[in-house]
There are 2 protein chains.
Amino acid sequence: MKHGVSPDTFPPRSHEAKRVSVVDAAASVFCREGYAGANIDLIAAEAGVSRQTVYNHHGDKEKLFVAVVRDLTERCNAGIFATIASFPDQPTDLEADLIAFAVRMNRNCICNRDGRFLRKLIQAEGERYPELFAEWREQGPGRTWSALAARFARLAFAGHLSIGDPDVAARQFFALVNAELQITFMLGGVPTEEEVLRSATNGVRTFLGAFARRKSPAAKQAALAHA
Amino acid sequence: MKHGVSPDTFPPRSHEAKRVSVVDAAASVFCREGYAGANIDLIAAEAGVSRQTVYNHHGDKEKLFVAVVRDLTERCNAGIFATIASFPDQPTDLEADLIAFAVRMNRNCICNRDGRFLRKLIQAEGERYPELFAEWREQGPGRTWSALAARFARLAFAGHLSIGDPDVAARQFFALVNAELQITFMLGGVPTEEEVLRSATNGVRTFLGAFARRKSPAAKQAALAHA
DNA sequence: GACGAATTGGACAAGCCTGTCTAAATTTGT
DNA sequence: ACAAATTTAGACAGGCTTGTCCAATTCGTC
């Protein structure tokens, strides 16, 4: 009844469940204590598992750390692409749509558990594992920015925006939308829903102030109507 | 001959020099290895000093860490205020002046040794020493933003800018000007002079695109003339 | 040159952590 | 219910680190 479609000979259930549990606990402890300060006993306790089980599953501390980062990277990237897919390509109200998009991106990818943990691990241990984080950089931000730049280019082509370099615009969009959250991020805090919304609103307004198409009076009028 | 004006009874020279040397080495090691991973022997070796001397000067590891953070905070804040004092209040060429200001701020306060180290320590250990970093937050970013907001308000009053909330504009200015450097910062790298200049240029252009006063054709003309 | 303070190198105890090993207990599939 | 695999608790060695102590040495000053 439990394993449904997969009649594998592998131990089908709580084996894998424990692996996940260990990786989750390890992510939490590595973030809180740093790699050197992280204690396997503590990870095991937090995962509700014996220390030996941690070693059985992951070999040693370093392999466990790598598994944690890969896991976080994968989940974060998945979330990011899912969110990018919701970009307003044919906007009805560009300002509102961009704000909603920014809030989604923040809440689902940057402020959630995985996002915060991954960011902190990158900042703390990025220099020690260059290839590991280079991989993240290419798969994550690299593609994110390209994808977003392509969307902006499309909006520009459709006459909604007036943009010089779409890649620059994409990076500036992120920077603006998070402008008011940076200190909170720096100290590892979680911004409230309201802070996220305000930062996104202010950021998008400034973004459109710089990039909204001005040659067509109709477009400008529409943008201003919602201010 | 060495101590010139101060005939104090205190050991006048290399005593203090060694204290500084130890704090500098400690900053470097704490950043590279994290608090838990930092090794007093390594700090002593990197400072060119015996381990005992480290303990003589600073008591224990935690006190040493606090001394490091206070030291970095103080120097960084001094640099930041010195740079803010160079803000172009009566600009001749607003775009060029703001770009130069942003580059100075970046090079002298954010990308230099102290700035990078302090940022990393805040990110890594900020949650463990709340009062220590709360102090930094108030004295540093808090005042920086206020000061910058006041300058922007003045520019707006003088008719150079069209700004809603000066505080928001100040935060967005920093965000825009660093938009292209975030990944580099995240991985602990040092951007090249050219990257800093490009990010500042793109950021200031977008900033002015959003906030440059548009009602006076002359101002707009002036701004565009240098694009 | 002589004095006192600071520094040094090294030994040292105590504690903590990793990673291994074992035998017993538990869970899982059949 | 049985057999195999997994998990557990605990002990354990080995290594590393912090912080202390001390005798010998160096440094700065008079």
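All heavy atoms count here, side chains included; hydrogens, waters and symmetry mates do not.
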Expected list for residues 166-183 of chain A: side-chain donor-acceptor pairs under 3.5 angstrom, two or more places apart:
{"residue": "Arg171(A)", "atom": "NH2", "partner": "Glu180(B)", "partner atom": "OE1", "Å": "3.4"}
{"residue": "Gln172(A)", "atom": "OE1", "partner": "Thr206(B)", "partner atom": "OG1", "Å": "2.5"}
{"residue": "Gln172(A)", "atom": "NE2", "partner": "Asn202(B)", "partner atom": "O", "Å": "3.0"}
{"residue": "Gln172(A)", "atom": "NE2", "partner": "Thr206(B)", "partner atom": "OG1", "Å": "3.3"}
{"residue": "Asn178(A)", "atom": "OD1", "partner": "Asn106(A)", "partner atom": "ND2", "Å": "2.8"}
{"residue": "Asn178(A)", "atom": "ND2", "partner": "Phe174(A)", "partner atom": "O", "Å": "3.3"}
{"residue": "Glu180(A)", "atom": "OE1", "partner": "Arg171(B)", "partner atom": "NH2", "Å": "3.4"}
{"residue": "Glu180(A)", "atom": "OE2", "partner": "Asn202(A)", "partner atom": "ND2", "Å": "3.2"}

Looking only at side-chain N and O atoms, does Thr53(A) come under 4.0 Å of OP1 or OP2 in dT8(D)?
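For dT8(D), OP1 or OP2 has a side-chain N or O of Thr53(A) closer than 4.0 Å.
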
Looking at Lys18(A), does any N or O in its side chain come under 4.0 Å of the phosphate oxygens OP1/OP2 on dT26(C)?
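Negative; the distance criterion is not met.
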
Look at the side chain of Ser21(A) and the backbone N and O of Ala17(A), then say whether any donor-acceptor pair between them is shorter than 3.5 Å.
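Here the side-chain-to-backbone pair does not exist.
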
Strictly distance-based, threshold 3.5 Å: is any side-chain N or O of Thr184(A) a donor or acceptor partner for the main-chain N or O of Gly189(A)?
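No; judged by distance alone, with no hydrogens or angles, the pair does not exist.
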
What is the minimum heavy-atom distance between Leu187(B) and Ile122(A), and which atoms define it?
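Minimum heavy-atom separation between Leu187(B) and Ile122(A): CD2-CG2, 3.7 Å.
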
Per-nucleotide protein contact string for nucleotides 22-27 of chain D, where B marks a base within reach and S marks sugar-phosphate only (heavy atoms under 4.0 Å, - for neither):
------

Sorted by number, the residues of residues 36-51 of chain B with heavy-atom contact under 4.0 Å to DNA chain D
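Under 4.0 Å from DNA chain D: Ala38(B), Asn39(B), Ile40(B), Arg51(B).
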
Let me have the donor-acceptor pairs involving side chains of residues 141-148 of chain A, under 3.5 Å, with sequence neighbours excluded, atom names and distances please.
{"residue": "Thr144(A)", "atom": "OG1", "partner": "Gly140(A)", "partner atom": "O", "Å": "2.7"}
{"residue": "Ser146(A)", "atom": "OG", "partner": "Gly142(A)", "partner atom": "O", "Å": "3.1"}

His58(A): ring pair (Phe, Tyr, Trp, His ring centres under 6.0 Å) partners, not counting sequence neighbours
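His58(A) satisfies ring pair (Phe, Tyr, Trp, His ring centres under 6.0 Å) with no residue once adjacent residues are dropped.
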
Could you check which residues of residues 55-72 of chain A get a heavy atom under 4.0 Å from DNA chain C? Sort them by number, please.
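Residues of residues 55-72 of chain A under 4.0 Å from DNA chain C: Tyr55(A), Asp60(A), Lys61(A).
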
Expressed in angstrom and rounded to an integer, what is the separation of Glu33(A) atom CD from dT18(C) atom C1'?
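Answer to the nearest Å: 16 Å.
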
Between P of dT29(D) and NE2 of His15(B), the distance in whole Å
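Distance check: His15(B) NE2 to dT29(D) P gives 13 Å.
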
In chain order, what residues pass the side chain to side chain donor-acceptor pair (under 3.5 Å) check against Asp24(B), with sequence neighbours excluded?
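Counting only residues at least two positions away or on another chain, Asp24(B) forms no side chain to side chain donor-acceptor pair (under 3.5 Å).
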
Hey, could you give me each pair passing salt bridge (Lys or Arg N to Asp or Glu O under 4.0 Å) that has a residue in residues 29-44 of chain A? Not counting sequence neighbours.
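Matches after skipping sequence neighbours: Arg32(A)-Glu46(A), Glu33(A)-Arg128(B), Asp41(A)-Arg51(A).
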
Which atom pairs, one a donor and one an acceptor, fall under 3.5 Å between side chains of residues 61-70 of chain B and the rest of the protein, sequence neighbours left out?
{"residue": "Lys61(B)", "atom": "NZ", "partner": "Tyr35(B)", "partner atom": "O", "Å": "3.0"}
{"residue": "Lys61(B)", "atom": "NZ", "partner": "Ala38(B)", "partner atom": "O", "Å": "3.0"}
{"residue": "Arg70(B)", "atom": "NH1", "partner": "Glu135(B)", "partner atom": "OE1", "Å": "3.0"}
{"residue": "Arg70(B)", "atom": "NH1", "partner": "Glu135(B)", "partner atom": "OE2", "Å": "3.3"}

Roughly how far, to the nearest 0.5 Å, is CZ of Phe207(A) from CG of Leu98(A)?
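Leu98(A) CG to Phe207(A) CZ: 7.0 Å, rounded to 0.5 Å.
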
When rounded to the nearest 0.5 angstrom, what is the spacing between CZ in Phe185(B) and CD in Gln123(A)?
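These two atoms lie 12.0 Å from each other.
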
Return the set of residues passing side chain to side chain contact (heavy atoms under 4.5 Å, CB included) with Gln52(A) (not counting sequence neighbours), or none when no residue passes.
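Ser50(A), Tyr55(A), Asn56(A).
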
Partner set under side chain to side chain contact (heavy atoms under 4.5 Å, CB included) for Arg104(A), not counting sequence neighbours:
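Side chain to side chain contact (heavy atoms under 4.5 Å, CB included) list for Arg104(A), sorted by chain: Thr83(A), Ser86(A), Ala100(A), Phe101(A), Arg107(A), Asn108(A).
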
What is the bend of the helix from dG1(C)-dC30(D) to dT30(C)-dA1(D) when you compare the axis at one end with the axis at the other, using five pairs each and rounding to 10°?
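For the helix from dG1(C)-dC30(D) to dT30(C)-dA1(D), the axes at opposite ends meet at about 40°.
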
